[in-house]
Q: 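First the structure, which I've put down as structure tokens, then a few questions once you've had a look.
Just so it is clear, the values below take in all heavy atoms, side chains as well, and ignore hydrogens, waters and symmetry mates.
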Amino acid sequence: MTINSSQLGKANYVPLMAKEGCAGAVAKIVTPIDPGRAELIESASFWYGLRSESVPNRFAIFDLFADGAARSAYVERGGPARLQEQASTLVEHEVLANVCLYEVVGSLVPNETAIVTHVTHASFEVEPNETETVERWLRDAPSQIASSVPSAAHWYGLRDEQRPGHYAIVTLRGTEGARPLRERGDLSSTLAASGLLAPTPTALRHVPTVVIDYEVLYSKEPSMPKVPE
């Protein structure tokens, strides 16, 4: 495993809750196999179309970019606008208003290639006087967990760029490393259940978290097949 927080600097997370009877159509949107849609996501280093394992009409897109310029290129090529156009009548909320723009604070990226089959997004909010503590912890955690995580797992500690005090931890795994988590819990128990436990600062141990486990419907990854079998 290598600790790498510089080559992947930005991330987007787009939750999509399909209206009743529209899950199949939304699944097609997060599986952009047609040439036009596939071209739009080339600016992303990693791009995942996701479906919740427990809520059939819950979907999401998670993508990672080298930096702000790469993410801006995705926007300029019409990626978010196309998504809004395609999904606006199929989901229960306004698409672009729910996009989370993240900065990567700390990350653990595997040396070896492996197909990612499961993604977990765990979000939490801290008080203003705790932001320095949580960001230092997110920067340092990868070095503490590097020896204990599955060799093909990714780990990202993220800061919400639009909402001060909001953070997320996203893990990407293959089948063997996938562990479904409780949708709500505290930060310490969430990390323990995930198997990626880094010592949690005392002030953060009981911070409430919202956890969503996803299966990967589509992936765009460097030197990997685009559609997992």
Q: Around atom CD of Gln162, are there more than 12 heavy atoms of other residues, nucleotides or ligands at under 6.0 Å?
A: yes

Q: Quick one: list whatever passes side-chain contact (heavy atoms from CB on, under 4.5 Å) with Arg163, sequence neighbours left out.
A: Cys100, Asp160, His166

Q: Specify the closest pair of heavy atoms between Gln86 and Ile29, including all atoms of both residues, with the distance to one decimal.
A: O-CD1, 3.5 Å

Q: Does Pro56 have any side-chain contact (heavy atoms from CB on, under 4.5 Å) partners at least two apart in sequence or in another chain, and if so, which?
A: none

Q: Can you name the nearest heavy-atom pair linking Tyr214 to Ser52, along with the distance?
A: CD2-N, 3.4 Å

Q: Excluding sequence neighbours, so at least two apart, what forms side-chain contact (heavy atoms from CB on, under 4.5 Å) with Val75?
A: Pro80

Q: Quick test of your reading: applying salt bridge (Lys or Arg N to Asp or Glu O under 4.0 Å), list the pairs with at least one residue in residues 10-19, sequence neighbours left out, ordered by first then second residue.
A: Lys10-Glu161

Q: Can we call the ring centroids of Tyr48 and Tyr218 under 6.0 Å apart?
A: no

Q: For residues 115-131, which residue pairs qualify under salt bridge (Lys or Arg N to Asp or Glu O under 4.0 Å), counting only residues two or more places apart or in two chains?
A: none

Q: According to side chain to side chain donor-acceptor pair (under 3.5 Å), who are the partners of Arg159, at least two apart in sequence or on a separate chain?
A: Glu103, Glu135

Q: Walk me through whether Leu16 and Val30 qualify under side-chain contact (heavy atoms from CB on, under 4.5 Å).
A: CA-CA 9 Å; Leu16 300 165; Val30 303; 3.8 Å; yes

Q: Please list, chain by chain and in numerical order, all residues satisfying ring pair (Phe, Tyr, Trp, His ring centres under 6.0 Å) with Tyr13, sequence neighbours excluded.
A: His121

Q: Measure centre to centre between the rings of Trp47 and Phe62, then say whether the value is under 6.0 Å.
A: no

Q: Which residues pass the side-chain contact (heavy atoms from CB on, under 4.5 Å) test with Ser72, sequence neighbours left out?
A: Glu76

Q: Just to verify, what does Glu85 make a side chain to side chain donor-acceptor pair (under 3.5 Å) with, not counting sequence neighbours?
A: none

Q: Give the C-alpha distance, both sets of side-chain angles, the deciding distance and a yes or no for side-chain contact (heavy atoms from CB on, under 4.5 Å) between Ile212 and Thr120.
A: CA-CA 6 Å; Ile212 304 176; Thr120 296; over 6 Å; no

